[in-house]
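Throughout, a chain's letter reflects where its sequence line sits, starting with A, and its residues are numbered from 1. Reckoned from all heavy atoms, side chains included, excluding hydrogens, waters and symmetry mates. All values derive from a computational prediction rather than experimental measurement.
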Amino acid sequence: MKVVLPDNSELELPDGATGRDAAAAIGPKLAEQAVLVRSDGHVQDLRLPLQDGQKIQILTTRDKDDPDALYVLRHSTAHLLAEAVRRLYPGVKIAIGPPIENGFYYDFDFPEPISEADLERIEAELLREIAEGREWNREEVSREEARRRFEAEDEPYKVELVDTADGDISFYTQGDFTDLCRGPHLQNAAPIKAVKLTGLAGAYWRGDEHNKQLTRIYGTAFYDQADLDAYLERLEQARERDHRRLGTQLDLFHLSEHSPGSPFWHPKGMVIWNELEELRRRENQRRSYLEVKTPLLYDIDTYVTSGHYDNYAENMFFVEQHEDEKRLALKPMNCPGHMLLFGSQLRSYRQLPMRFAESSTLHRDEPSGTLHGLLRVKHITQDDAHIFCAPDQIEDEIFACLDFASYLYDLFGMEARFELSTRPEKKLGTDEEWDFTESALRNALDRRGIDYLVHEGDGAFYGPKIDLHMTDVLGRSWQMGTIQLDSQMPARFQLAYMGADNQEHTPYVIHRALLGSLERFIGILIEHYGGEFPFWLAPVQLLVLPVGADHRGAAHALADRLREPGYRIEVDERDDTVDKRIRDAELEKIPYVIVYGDRESDASLAIRERHGAQSTKSLDELLKDLATL
RNA sequence: GCCGACGUAGCUCAGCUGGUAGAGCACUUCACUCGUAAUGAAGGGGUCCCCGGUUCGAGUCCGGGCGUCGGCUCCA
């Protein structure tokens, strides 16, 4: 048989030859360094036979940055971790240990809890294994055989995995440790040149909080110590951009135990907030949204009608009342208020689509342990809107929302990921209704030319949705905007509009927030820009820096001239050196510094941009240039 | 909510096996009046997260609570 190599040459091999045989046929060095076979984008274990005519690429330890090569390396390291843990902690049960982005983990059920201090000795044991040398052997076994072996070893999690695994079952063995695994794996442990155990966490078996919580050990591995060092260095740099750090450094906001999950916005942070609010208001207005304001508190009956009382009560804040008063709760979402507003008058089909926009404050009592800087808060302000429309208007309205969202994210140079979630198992409405609403969303996405992921079964019980996701500086994904189609809530509130047929009809409603919560959006925005906001968002846009005390008067006069058209400008007349004040302006990430001394006049200003680029401009030129930003 | 860690000056952090708290930056004052990333000196500043316990004595040890961080689950 023949296989095709990356340069399109053909390699003649005996029938049944494996990837390793192919590597050996090419050269002994390649055979030694090979880590896996890649074929049409799929990874394949070196130990598996090749097919006649198969196109193959043999990855080696030299492909040290290749994601597939790293994946295999880390997968094998996870097995070594399990071997080490089992040796050090008799009675431990092993669960599952896959490679993940940037590393791997393995889940264990320890007889006694362990703490981070244990990681050190586990890591030492793991390194010892590598130094000692390990080779992996692959074998295929029957389901019965696999089950028998894990039962004999008293590994209940593995037994469960065998029972639910589909396809053939394979085992990988290194040293005296055998694990159920699909592979592929390294030939031996020699290529693992750098390992670090990075963390310890609880994780529910099979990701279900009703199951037992296991102990997860995270780690990472590389083909080269320098790559591990570089990775840790990158992590350190990412922390520099963390919005929590920058929020303090740039004096934008702070969080306090006096009100967990509710940011205190400082004057400079508020500038960004207000600019976003202005953007929201202006763009909503351009798209015929109608701004409204609805109450923060509602009686329980309202939440019973909306369904929040039954489905969301544990996330809501209830207000203590005098005994003779109605019980009230803070709104966790704007929809009930907008339903009541729509229902307060008789509506005609001629008014549809009717788009109510509001960005008032929402409160959600998030589970402790889930709060996270600005990215997960209890005090939420969405750029929210509810669009009431007739069935034949849904697709166009969804399209317009998608278009609007793309406009906003483009404005910031952000790339959001779009994700469509379809009907869940527990749902209201018929399959025909879901067919109709899901296809409206898909059509709108396709028409707008948006690539999207599909999460089958992840929709809300009342309708399908499209979510927008962004990634924070540490690689974690956060939901930003959401566009949800709902046929249930209008009916629950008995909303109706008079149709052309003089009959009452129930409108559909689209719940949509595009930036999502302003708190979260600003958090992501801070990290996106690393604190270096574009001119229009910068809390302080220009700083005038008088060289000596004699120049203070002129500096203030200049600042007044620039403040007039609305620019945010400050004068730094502290008794410090120019160097010192330049440095502070740089740390504050102010876009423009104007140094003003004996050499300057309105006809000739010394402008310094962030990072040091200098130029000379007249005041008129400067004003003209700023107007284009 | 769950697992693990952490909580010391405005910020970043040090404080060994228990003996009554420290640095850098920031702040104030003084001198210097300065040309594109830190001028020098002096000074002020702390219920060591909270409550309880052990102890002659707790920032340090133990228990509980609150908050934060890394994950899990859940969510914008």
Side-chain angles (χ1 to χ4, degrees), chain A residues 105 107 110 113-119 198-218 239 242 244-245 248-249 251 254-261 312 314-315 332-333 362 364-378 380-384 460 465 467-470 474 476 478-482 484 511-521 523-524 545-552 573-588 593-600 606-614:
Chain A
Y105 67 78
D107 285 347
F110 284 92
I114 65 162
S115 78
E116 272 170 23
D118 292 84
L119 292 185
T198 51
L200 188 62
Y204 300 104
W205 168 236
R206 304 210 134 177
D208 186 336
E209 64 174 326
H210 302 296
N211 289 340
K212 178 156 188 182
Q213 188 165 50
L214 309 175
T215 303
R216 176 170 297 177
I217 297 176
Y218 285 94
R239 287 193 195 102
D242 189 307
R244 292 165 296 185
R245 181 192 282 253
T248 304
Q249 204 174 304
D251 196 19
H254 83 271
L255 293 156
S256 156
E257 58 189 313
H258 292 289
S259 185
Y312 208 73
E314 62 181 30
N315 284 299
M333 302 177 192
L362 311 176
R364 299 183 189 174
D365 194 8
E366 300 292 331
S368 68
T370 63
L371 297 181
H372 184 93
L374 292 179
L375 301 184
R376 182 84 179 257
V377 294
K378 296 187 180 188
I380 302 170
T381 313
Q382 289 180 322
D383 62 327
D384 206 2
K465 60 176 184 168
D467 294 324
L468 284 81
H469 291 255
M470 291 284 301
L474 293 176
R476 296 170 294 204
W478 297 90
Q479 185 180 317
M480 309 297 287
T482 185
Q484 307 187 358
H511 309 247
R512 63 93 299 190
L514 302 179
L515 302 179
S517 96
L518 275 195
E519 288 83 359
R520 178 175 288 179
F521 190 82
I524 292 289
L545 206 154
V547 172
D550 295 347
H551 310 111
R552 286 176 188 166
E573 55 186 9
R574 286 179 302 169
D575 250 356
D576 285 305
T577 59
V578 172
D579 270 1
K580 166 68 172 163
R581 288 177 287 164
I582 292 276
R583 176 183 153 81
D584 285 349
E586 199 67 59
L587 292 175
E588 267 192 70
V593 175
I594 306 172
V595 178
Y596 204 101
D598 286 337
R599 299 184 218 141
E600 280 72 33
I607 316 283
R608 181 197 157 99
E609 294 174 35
R610 268 192 298 237
H611 305 308
Q614 291 178 45

Complementary nucleotide for [N] - Watson-Crick or wobble, under 3.5 Å:
{"N": "B:U12", "value": "B:A23"}
{"N": "B:U60", "value": "none"}
{"N": "B:C74", "value": "none"}
{"N": "B:C6", "value": "B:G67"}
{"N": "B:U39", "value": "B:A31"}
{"N": "B:U54", "value": "none"}
{"N": "B:U47", "value": "none"}

Considering only the [atom1] atoms, how many Å lie between [N] and [M], rounded to the nearest integer?
{"N": "B:C66", "M": "B:C51", "atom1": "P", "answer": "15 Å"}
{"N": "B:A14", "M": "B:A9", "atom1": "C1'", "answer": "13 Å"}
{"N": "B:C75", "M": "B:U60", "atom1": "P", "answer": "40 Å"}
{"N": "B:G10", "M": "B:C62", "atom1": "C1'", "answer": "33 Å"}
{"N": "B:U73", "M": "B:U54", "atom1": "C1'", "answer": "38 Å"}
{"N": "B:A58", "M": "B:C48", "atom1": "C1'", "answer": "11 Å"}
{"N": "B:G45", "M": "B:G4", "atom1": "C1'", "answer": "35 Å"}
{"N": "B:G59", "M": "B:G1", "atom1": "C1'", "answer": "31 Å"}

Donor-acceptor pair, side chain of [X] and main chain of [Y], under 3.5 angstrom:
{"X": "A:E519", "Y": "A:R376", "answer": "no"}
{"X": "A:D383", "Y": "A:G516", "answer": "yes"}
{"X": "A:R520", "Y": "A:V377", "answer": "no"}

Could you work out, with side-chain hydrogen bond (donor to acceptor under 3.5 Å, both in side chains) as the rule, every residue matching A:D365, not counting sequence neighbours? A:K378
Identify, with sequence neighbours excluded, every residue that meets side-chain hydrogen bond (donor to acceptor under 3.5 Å, both in side chains) alongside A:R581. none
A:D579 with A:R583: basic N within carboxylate O range, under 4.0 Å: no
Ring pair (Phe, Tyr, Trp, His ring centres under 6.0 Å) partners of A:F110, counting only residues at least two apart: A:Y89, A:F108
Taken to the nearest 0.5 Å, the spacing of A:F521 CZ from A:L514 CG works out to 10.0 Å
To the nearest 0.5 angstrom, please state how far the CZ atom of A:R512 sits from the CG atom of A:L468. 11.0 Å
Nearest whole angstrom, please: distance from the P of B:G4 to the OH of A:Y105. 19 Å
Roughly how many Å is it from CZ in A:R583 to C1' in B:A38, rounded to a whole number? 5 Å
Pick the closest RNA chain B nucleotide for A:T215 and for A:G612 by heavy atoms, then say which residue is nearer the 5' end. A:T215
Suppose the criterion is salt bridge (charged side-chain N to carboxylate O under 4.0 Å, His left out): which pairs have a residue in residues 201-210 of chain A, not counting sequence neighbours? A:E160-A:R206
Sugar-phosphate means primed atoms, P, OP1 and OP2; the rest is base. With that split, encode nucleotides 67-76 of chain B 5' to 3' as B, S or - using protein heavy atoms under 4.0 Å. SSSBBBBBBB
What string of B, S and - do you get for nucleotides 24-35 of chain B 5' to 3' if you count protein non-hydrogen atoms under 4.0 Å? --S-----BBBB
Base, sugar-phosphate alone, or nothing: which one does A:L214 contact when heavy atoms must sit under 4.0 Å apart? nothing
